[in-house]
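Chain letters run A, B, ... following the sequence lines, proteins first and then strands; every chain starts at 1.
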2 protein chains.
Amino acid sequence: MALTDEAIDKIKGMITSGELGPGDRLPKEADLAERLGLSRNSLREAVKALSMIRVLDVRQGDGTYVTSLAPDLLLDALSFVVDFHRDDTVLQFLEVRRILEPSATALATERMPVEDIAKLQAVLDQLGDNPTIEALVANDLEFHRQIAAGSGNAVLCSLIDGLSGPTTRARIWRGLTQEGAAERTREQHQAIVDAITARQPDLARSWATIHVAGVEEWLRRAL
Amino acid sequence: MALTDEAIDKIKGMITSGELGPGDRLPKEADLAERLGLSRNSLREAVKALSMIRVLDVRQGDGTYVTSLAPDLLLDALSFVVDFHRDDTVLQFLEVRRILEPSATALATERMPVEDIAKLQAVLDQLGDNPTIEALVANDLEFHRQIAAGSGNAVLCSLIDGLSGPTTRARIWRGLTQEGAAERTREQHQAIVDAITARQPDLARSWATIHVAGVEEWLRRAL
DNA sequence: TCCCCCAATACATCGGAGGTCTGTTGTCTA
DNA sequence: TAGACAACAGACCTCCGATGTATTGGGGGA
């Protein structure tokens with residue numbers, strides 16, 4: 001195994017063993033390099049890799065710290081990864097979303113406080129009459145994010161959020177190529193909010209399924 | 001933005017733009033560094049980060065290549081990330097598993113070829129009478145991996161695989177075996193295989209739900 | 001024709017130097 | 001005394017040049 005990978009494992013070990021907790025500061029580069037028995041350059045590669053996946057937070061002029069290790073932070077890296085995928089695998093991501101999103105919506109129906117439901121409605125309302133494609137997509141993203149957050153499960157939330165990345169592009173194309181899509185999306189979003197407001201999980205789940213399946217079906221035909 | 005991060009973005013751009021495809025070889029370090037306008041050391045940090053998440057594959061003495069970019073490769077990094085989580089967030093991961101695994105099992109029930117079902121049964125059979133914890137963990141991992149693979153969705157498969165990393169699983173098993181849950185798990189595994197063999201998706205889904213929920217419930221009590 | 005050796009290639013690792021950013025401290029002024 | 005400014009030290013950022021090491025492919029010998 002390469003020296004750098006070893007260093008990564010050792011730092012990982014320092015964290016998982018509890019020697020380093022969230023928010024703790026690492027020894028300075030030179031000291032840590034000496035302790036791990038490698039050069040600063042090699043150590044920096046290890047630290048860079050760990051900061052990429054949000055495990056470490058390096059601040060120039062200050063020091064290197066362990067992040068909060070919150071699930072949403074760590075799963076953030078997911079969206080970076082899915083960016084690399086080409087159109088043919090996007091369908092698989094969408095299939096997974098069709099599994100996750102309905103469940104998240106059902107959970108949100110049960111757990112979401114009334115005031116958050118109001119915020120959800122507000123998101124829908126703030127969309128004007130003739131929004132741009134970008135505004136539509138941004139609004140859609142925000143809508144689904146709030147529902148995912150309403151599930152009360154940070155892991156589920158950021159997973160859905162991350163998976164939505166690659167499908168975003170697809171939605172933009174959809175908006176460009178399919179005229180009635182925007183209006184239908186709005187209707188479905190409203191139906192989901194209504195179901196949540198009425199506290200009917202199975203109805204909310206069904207609408208969410210239909211909503212995602214609609215995008216999926218369109219994409220399947222388009223490819 | 002740091003120079004290294006810029007380099008990461010540029011390399012990412014070279015791939016997403018199609019200039020570099022899966023399997024392609026990158027220019028050698030010195031050339032690429034010059035082209036991107038930075039030193040070799042800084043470039044190496046960028047390459048290291050990208051190879052961490054399996055986007056690049058560096059081979060000493062040969063060169064640096066773009067990987068296949070297959071979903072399973074890229075989501076592999078997930079298990080690394082999951083390892084950092086402590087017991088309190090593991091519950092959230094398990095909750096997500098309880099959403100994904102039943103659906104994957106149901107999909108596998110419909111799509112899995114007969115010979116793969118036989119292999120699945122073989123996995124269960126090859127476990128002896130008094131297995132070690134390591135054997136249990138490995139067997140459990142293999143069982144669920146084969147089912148996930150049977151769903152025919154690589155993204156779903158590696159997501160499930162990554163969500164309960166070996167570390168997490170081992171930790172859970174260590175606790176479970178102390179309560180003699182090994183036998184119950186084996187029965188549930190068998191029930192899942194039976195349902196798949198009978199091609200009854202709803203039954204398979206239910207067993208999978210029960211199976212995951214059992215672990216989840218135990219963990220909830222243990223914390 | 002086959003096999004072994006070696007030179008070329010490319011990544012791995014190292015140590016040091018100069019630059020830049022940040023937080024702190026000490027001083028000056030109102 | 002309170003606030004603002006300047007100097008300082010600590011820590012990361014970037015680069016350079018050199019040496020070590022693994023892989024590959026070609027040339028020479030049997």
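An OP1 or OP2 oxygen of D:dC12 is reached within less than 4.0 angstrom by a side-chain nitrogen or oxygen of A:Thr64. In terms of phosphate contacts, A:Thr4 brings a side-chain nitrogen or oxygen within less than 4.0 Å of OP1 or OP2 of C:dT13. Phosphate proximity of C:dC14 to A:Ser42: present, with a side-chain N or O under 4.0 Å from OP1 or OP2.
Taking atom OH of B:Tyr65 as the reference point, atom C1' of C:dC11 lies 11 Å away to the nearest angstrom. As rounded to whole Å, 13 Å separates atom P of D:dC15 from atom NZ of A:Lys48. Rounded to whole angstrom, the span from the CG atom of B:Leu43 across to the P atom of D:dC15 amounts to 10 Å. Atom CZ of A:Arg44 is separated from atom P of D:dC13 by 4 Å (rounded to the nearest Å). Spacing between atom CD of B:Glu34 and atom C1' of D:dC16 amounts to 14 Å, rounded to whole angstrom units. Summarising the geometry, the separation between CD on B:Glu45 and P on C:dC14 is reported as 14 Å, rounded to the nearest angstrom. Whole-Å rounding puts the A:Asp62 CG to C:dT20 P distance at 19 Å. Rounded to an integer number of Å, the gap from B:Asp31 CG to C:dT9 P is 12 Å.
At a cut-off of 3.5 angstrom, counting only N and O atoms as typed in the model, there is a donor on one side and an acceptor on the other between the side-chain of A:Arg40 and the base of D:dT14.
Side chains of B:Lys48 and B:Val58 form no contact here, defined as non-hydrogen atoms less than 4.5 Å apart. Considering only heavy atoms from C-beta on, B:Val212 stays 4.5 Å or farther from B:Leu100 through its side chain.
With distances taken from any side-chain atom of B:Ser39 to the nucleotides D:dC12, D:dG20, D:dT14, the minimum falls on D:dT14. Comparing atom distances between the B:Leu3 side chain and each of C:dC11, D:dC15, D:dC12 picks out D:dC15 as nearest. Proximity note for A:Asn41 (side chain, C-beta onward) versus C:dG15, C:dC11, D:dT14: the nearest is C:dG15.
For B:Arg59 and A:Gln60, each mapped to the nucleotide of DNA chain D holding its nearest heavy atom, the one lying further toward the 5' end belongs to A:Gln60.
Taking the charged nitrogens against the carboxylate oxygens, B:Lys119 and B:Asp116 do have a contact shorter than 4.0 Å, which makes a salt bridge.
Sparse packing is recorded around CD of A:Glu34, with 12 or fewer heavy atoms of other residues, nucleotides or ligands lying under 6.0 Å away.
When all heavy atoms of B:Val215 and B:Leu94 are compared, the pair lying nearest together is CG1-CD2, 3.9 Å.
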